[in-house]
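In listed order, ligands and their atoms are each counted from 1.
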Amino acid sequence: MTATIIDGQVIANRMQAEIAEQAARFKEQFGYPPGLGAVLAGDDPASAQYVRMKRRACGKVGIASVAHTMTASSTQEEVEAAVRQLNDDPAIHGILVQLPLPKHIDEERVLRLVSLDKDVDGFHPENIGRLAMKGREPSFTPATPTGCMVLLKEVGAQIEGANAVVIGRSNIVGLPVAMMLMKANATLTVCHSRTRNIADIVRGADIVIAAIGKAEFVKGDWIKPGAVVIDVGTNQIDDPAAEKGYRWVGDVEFEKAKEVASAITKVPGGVGPMTITMLLHNTMKAATRIAERVMI
Ligand code: GUN
């Protein structure tokens, strides 16, 4: 079997075109655009690049954005003040606190401050708690895990009753995507750095979500024939044959896995474009909820 290659960029482009239409209608109706506020603290170049990409995507779909950019030596009070200001700003409907924050900042205290109405990243502890619980719904779900779920639905993966294996348990991807799969009635296994016999566990998986951040960690012969594979990893590896001397690979051995899986995401161009799209989607949803409430 040769897998369907899941092109996240195509799906993201289609969804972003819909969001652009919604944003235009929103502006026409209310007289102002939806707004996203980003908080970026520290000097991590990757975080700065993510925030730039997110703001550029906002611009493309007609969502206004502002960024509070702070140095690595900013204090807890300064970071919290930026969140409070965005909470109080009626032009801002979604707040994004780019993670990780500098080590001396208490991340939970900052995330807890974000208004639940504006928590478009879904990282407020109350939203994560609601995500974990049966019969409760968070106001928003985190972007990358939501993107994974959209991709599973796009390829028609049967989630209910499936054996789903998540590799990685980060707060940003592994943990929330595991909870979302369980909510969707999958039978869930989470593997991580201390798990024994990962290969055997993955061999029983109908759905594999690889989010461990290690280049080609999941081998092609671990994949069950017909499984759906969502690869969240983006790892840079040296490649003297490449123009830049490196190339990007996922957490899965793509070339071998695609011969066995029924569907597999590309890296790059799989989950990556969906992350930004889900943030835009959540911001649009937040703006609509807030504006409609103001009108009543
Ligand atoms: N850092 C890495 N991924 C993310 C994300 O999706 N949201 C935020 N806020 N920070 C991140």
Side-chain angles (χ1 to χ4, degrees), residues 8 12 15 36-58 63 65-70 72 74 79-80 82-83 86-87 92-103 105-116 118-128 131 138-151 166 168-180 209-214 230-236 248 250-251 265 267-268 270-283 285-286:
M15 292 183 76
L36 176 74
V39 176
L40 172 64
D43 44 23
D44 174 16
S47 288
Q49 172 71 359
Y50 283 138
V51 170
R52 262 197 305 277
M53 284 165 63
K54 288 168 183 178
R55 293 193 63 200
R56 200 179 308 135
C58 280
I63 293 176
S65 73
V66 297
H68 288 249
T69 305
M70 281 166 280
S74 31
V79 176
E80 290 186 10
V83 173
L86 293 169
N87 275 343
I92 295 296
H93 308 98
I95 298 173
L96 156 84
V97 179
Q98 187 65 31
L99 302 175
L101 289 169
K103 288 212 165 23
I105 303 286
D106 182 336
E107 179 186 294
E108 180 171 341
R109 263 178 59 195
V110 174
L111 295 176
R112 193 176 283 285
L113 262 188
V114 174
S115 156
L116 285 173
K118 299 188 180 185
D119 184 32
V120 287
D121 244 346
F123 290 145
H124 188 296
E126 185 166 330
N127 273 332
I128 292 291
L131 183 62
S139 49
F140 298 97
T141 54
T144 304
T146 310
C148 293
M149 298 301 285
V150 170
L151 293 180
V166 176
R169 53 176 164 176
S170 71
N171 286 342
I172 289 174
V173 185
L175 180 105
V177 82
M179 293 190 292
M180 292 174 87
I209 312 278
I212 197 160
K214 289 187 183 159
I230 306 290
D231 190 348
V232 184
T234 38
N235 310 287
Q236 195 176 303
W248 295 97
D251 290 353
T265 53
V267 176
V271 176
M274 295 304 292
T275 296
I276 290 182
T277 306
M278 298 328 296
L279 175 71
L280 302 174
H281 168 84
N282 280 352
T283 304
K285 188 162 125 184

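The closest donor-acceptor contact from the side chain of K118 to the backbone of L86 lies under 3.5 Å.
Atoms of ligand 1 found under 4.0 Å from any heavy atom of D121, numbered from 1 in the order shown, are 7 (N), 8 (C), 9 (N). For ligand 1 and V97, the ligand atoms under 4.0 Å from any heavy atom of the residue are 8 (C), 9 (N).
At a 4.0 Å heavy-atom cut-off, ligand 1 touches L99 through backbone and side chain alike. Of all the heavy atoms of L96, the ones lying under 4.0 Å from any atom of ligand 1 belong exclusively to the side chain.
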Hey, mind stepping through T265 and D231 against side-chain hydrogen bond (donor to acceptor under 3.5 Å, both in side chains) and telling me if it holds?
-> CA-CA 6 Å; T265 53; D231 190 348; 5.4 Å; no
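Residue Q98 has at least one nitrogen or oxygen atom sitting less than 3.5 Å from a nitrogen or oxygen atom of ligand 1, judged on distance alone.
Scanning all protein heavy atoms for the shortest distance to atom 5 (C) of ligand 1 gives K54 NZ, 3.9 Å. Of all protein heavy atoms, the one lying nearest to atom 3 (N) of ligand 1 is I172 CG2, 3.7 Å.
Two residues are said to be in side-chain contact when any heavy atoms from C-beta on lie closer than 4.5 Å; T141 and M278 fail this criterion. Counting heavy atoms from C-beta outward, P142 and I172 have side chains that stay 4.5 Å or more apart. Between D251 and V232 the shortest side-chain heavy-atom distance does not fall below 4.5 Å.
For the side-chain contact (heavy atoms from CB on, under 4.5 Å) criterion with E107, the lone passing option out of L111, I105, V110 is L111.
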